[in-house]
Amino acid sequence: MAPIKESDDHDSEFFKPADAFFSAYGHLGLTYDDVTLATCYSEVLPGDTQLETTLAEGLTLNIPMISSDMDTVTEARMAIAMALNGGLGLIHYNMSEADQLAEVSSVKNNVHGLIQNPAKVTADQVIGDVLHLIEKKRFGFSTFPVVDGRGKLLGLLSGHVVKPRYAKRKVAEALTPRSQVHALSKKELGGDPIARADRFFTDHPGIHKLLVVDEEDRLQGLFTMSDIERINQERNAQFKPARDASFRLICGAAVSATRNAFGELDRKRILTHAEGLVERGVDVIAVSTAHGHSKGVGDSVRMLREAFPRLPIIAGNVTSAAGVEYLAACGANAIKVGQGPGSICTTRIVAGVGIPQLTALYVASRAAKKDRVTIIADGGITKSGDMVKALTLAHAVICGGIFAGCPEAPGEVMEIGGKPYKQYRGMGSIAAMKAGSAARYGHAPDPGRKVAPEGVDALKEVTNSLDRVIAQLIGGIQSGMGYLGAANLSQLRDNARFIRVSPAGQREGEPHDVVELKTGN
Ligand code: XMP
């Protein structure tokens with residue numbers, strides 16, 4: 001472990017380790033911006049730091065980031081991108097159980113680089129329909145596979161003929177017929193589909209799309225040359241994708257403590273659903289509710305633990321040591337901490353309840369250490385510096401808002417005043433509860449009944465791709481670790497020393513007295 005020089009008594013008088021610091025502030029709830037971390041003697045270069053974290057036996061992430069189980073944040077596309085970056089996506093439950101199973105399957109069956117459900121056209125359409133589709137969906141490409149009603153490949157419609165001058169022509173007349181189109185079967189892709197596709201593009205100059213079919217020649221997906229080239233560049237990345245023992249991407253799914261018409265826990269429904277998730281290869285189930293220190297959540301966790309003794313279980317949310325102890329005793333491995341810190345949360349305003357996040361994390365972390373479970377900081381993270389502070393106490397972070405503007409998040413882009421936005425809403429907002437999440441907040445699913453929303457319906461500006469957002473965040477975490485002389489996250493937790501910042505101290509820490517051209521984070 002990197003040496004910490006604490007010879008200077010002056011330092012230890014001002015910069016305190018977690019126990020001493022938070023005990024001294026027992027009368028005050030603190031959150032990320034209320035504190036800053038002191039630097040330590042370091043022999044660690046940021047780029048050499050390791051971000052691996054183990055949340056439970058059988059659940060290790062290569063970066064400590066999880067995308068939130070919210071209906072405007074995590075479906076299969078986000079979960080795939082999170083796992084490819086080394087993290088984890090938790091598929092939300094504001095959809096039918098069958099749909100959630102399908103989302104999990106889509107992550108677990110993802111072949112990296114293979115576009116599994118490519119845009120396609122049918123032979124009876126006219127080119128004008130295809131042009132309309134491109135405009136409506138804002139596609140940046142104009143070559144499409146052509147399929148029949150059963151998904152069987154009929155040919156390829158090349159971008160060369162998708163022009164207004166041919167608008168009235170039928171796709172059937174303009175397509176390149178199946179006999180002249182290259183396609184591989186899924187089996188032919190072998191153990192390393194990227195290498196196989198790469199070889200294909202080298203062997204076929206001028207061809208930029210490789211179609212993949214099943215035994216009955218039905219379209220299963222396609223590779224594009226530009227994707228393969230990008231993936232090959234990324235293969236040398238420091239943080240590898242998070243995969244299971246069978247080399248499939250990892251995926252989590254959230255469930256709620258669902259109740260039946262009599263208000264009792266619907267044990268059969270929860271168990272049947274969990275069985276379906278496990279059958280599809282889910283790596284972790286998260287019992288996600290606003291109040292985890294409650295009988296319904298505890299009973300659900302206990303039931304799942306009995307049914308699946310080795311399955312990693314996340315449960316929450318809590319903000320007390322007693323809450324952590326309770327869920328740990330019920331069988332949870334990792335416990336979500338956070339009530340009201342989220343960017344779309346109104347729990348503290350509506351219910352008058354919740355603990356500022358850093359104090360909640362400290363209290364929870366001490367119980368977690370005793371009970372040998374891990375904690376996950378859920379909500380309120382707006383910058384990489386918050387992540388560094390969270391990771392001095394927690395084993396991972398869950399983020400919603402930071403990822404909600406990425407193209408990988410569900411939802412359409414809308415333009416307001418010339419700027420692109422995506423919807424981001426609290427799972428306790430009226431709209432989300434109507435769509436199914438009421439149980440998370442302890443309300444009946446009946447949308448006609450009066451409920452008190454605990455979240456808002458909001459917008460996020462569209463951001464870069466998740467890869468780029470995560471690259472920035474990782475860079476920040478690694479810088480923080482370098483300053484603290486921490487080569488890994490365990491050393492970060494050991495080395496952290498805190499000091500409270502004054503409002504003026506906080507202003508000093510942000511760009512000031514300049515005209516800012518571009519924000520860094
Ligand atoms: P961020 O700050 O990352 O927070 O946007 C995401 C987390 O907020 C929680 N969440 C809610 N909390 N009312 C709440 O009080 C809500 O409607 C709501 N929806 C989500 C959740 O823990 C999520 O991960």
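Note that ligands are numbered from 1 as they come in the structure, with each ligand's atoms numbered from 1 the same way.
Looking at Asn62 and Leu51, their side chains never come closer than 4.5 Å, going by heavy atoms from C-beta outward.
Applying the side-chain contact (heavy atoms from CB on, under 4.5 Å) rule to Glu264 yields the partners Asn260, Phe262; only residues at least two apart in sequence or on another chain are considered.
Minimum heavy-atom separation, Leu30 to Phe21: CD1-CE2, 3.7 Å.
The option with the heavy atom closest to atom 10 (N) of ligand 1, from among Gly342, Cys345, Ser288, is Cys345. Compare Ala432, Ser343, Gly428 by their heavy atoms: the one nearest to atom 2 (O) of ligand 1 is in Ser343.
Annotation for ligand 1: atoms under 4.0 Å from non-hydrogen atoms of Asn317 are 22 (O). Annotation for ligand 1: atoms under 4.0 Å from non-hydrogen atoms of Ser68 are 23 (C), 24 (O). When each atom of ligand 1 is checked for a heavy atom of Ile344 under 4.0 Å away, the hits are 8 (O), 10 (N), 11 (C), 18 (C), 19 (N), 20 (C). Listed by number with element, the atoms of ligand 1 under 4.0 angstrom from any heavy atom of Met70 are 6 (C), 19 (N), 20 (C), 23 (C). Each of the atoms 16 (C), 17 (O), 18 (C), 19 (N), 20 (C) of ligand 1 lies under 4.0 Å from some heavy atom of Met427. Set against the non-hydrogen atoms of Asp378, the atoms of ligand 1 under 4.0 Å away are 7 (C), 21 (C), 22 (O), 23 (C), 24 (O). Of all the atoms in ligand 1, the ones that sit under 4.0 Å from a non-hydrogen atom of Gly401 are 1 (P), 3 (O), 5 (O). Per-residue contacts place Ile398 under 4.0 angstrom from the following atoms of ligand 1 (heavy atoms of the residue considered): 24 (O).
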Practice problem: Evaluate the criterion side-chain hydrogen bond (donor to acceptor under 3.5 Å, both in side chains) for residue pair Glu52 and Asn488; output intermediate values, then yes/no. | Solution: CA-CA 8 Å; Glu52 192 178 286; Asn488 55 46; over 6 Å; no
*Carefully, step by step, assess Asp19 and Arg366 under the rule salt bridge (Lys or Arg N to Asp or Glu O under 4.0 Å).*
CA-CA 9 Å; Asp19 284 331; Arg366 271 34 205 175; 3.0 Å; yes
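With rounding to the nearest 0.5 Å, the separation of CG in Asp33 from CG in Asp386 is 6.0 Å.
At least one heavy atom of Tyr424 sits less than 4.0 Å from an atom of ligand 1. Every heavy atom of Ile402 sits 4.0 Å or more from the atoms of ligand 1. The shortest separation from a heavy atom of Cys399 to ligand 1 is under 4.0 Å, placing the residue in contact.
Where the criterion is an N or O separation shorter than 3.5 Å, residue side chain and backbone included, Gly379 fails it with respect to ligand 1.
In this structure, a donor-acceptor pair under 3.5 Å is absent between the side chains of Gln357 and Thr31. Between Lys336 and Ser288, the side chains place a donor N or O and an acceptor N or O closer than 3.5 Å (distance only, hydrogens not considered).
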Can you give each donor-acceptor pair under 3.5 Å made by side-chain atoms of residues 389-407, sequence neighbours left out, with the distance rounded to 0.1 Å?
unit_1: Lys389; atom_1: NZ; unit_2: Tyr32; atom_2: O; d: 3.0
unit_1: Lys389; atom_1: NZ; unit_2: Val35; atom_2: O; d: 2.9
unit_1: Thr392; atom_1: OG1; unit_2: Lys389; atom_2: O; d: 2.5

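For Ala404, no heavy-atom contact with ligand 1 is shorter than 4.0 Å.
Side chain of Arg348 to main chain of Ile355: a donor-acceptor pair is present (N/O by atom type, distance under 3.5 Å, no hydrogens or angles).
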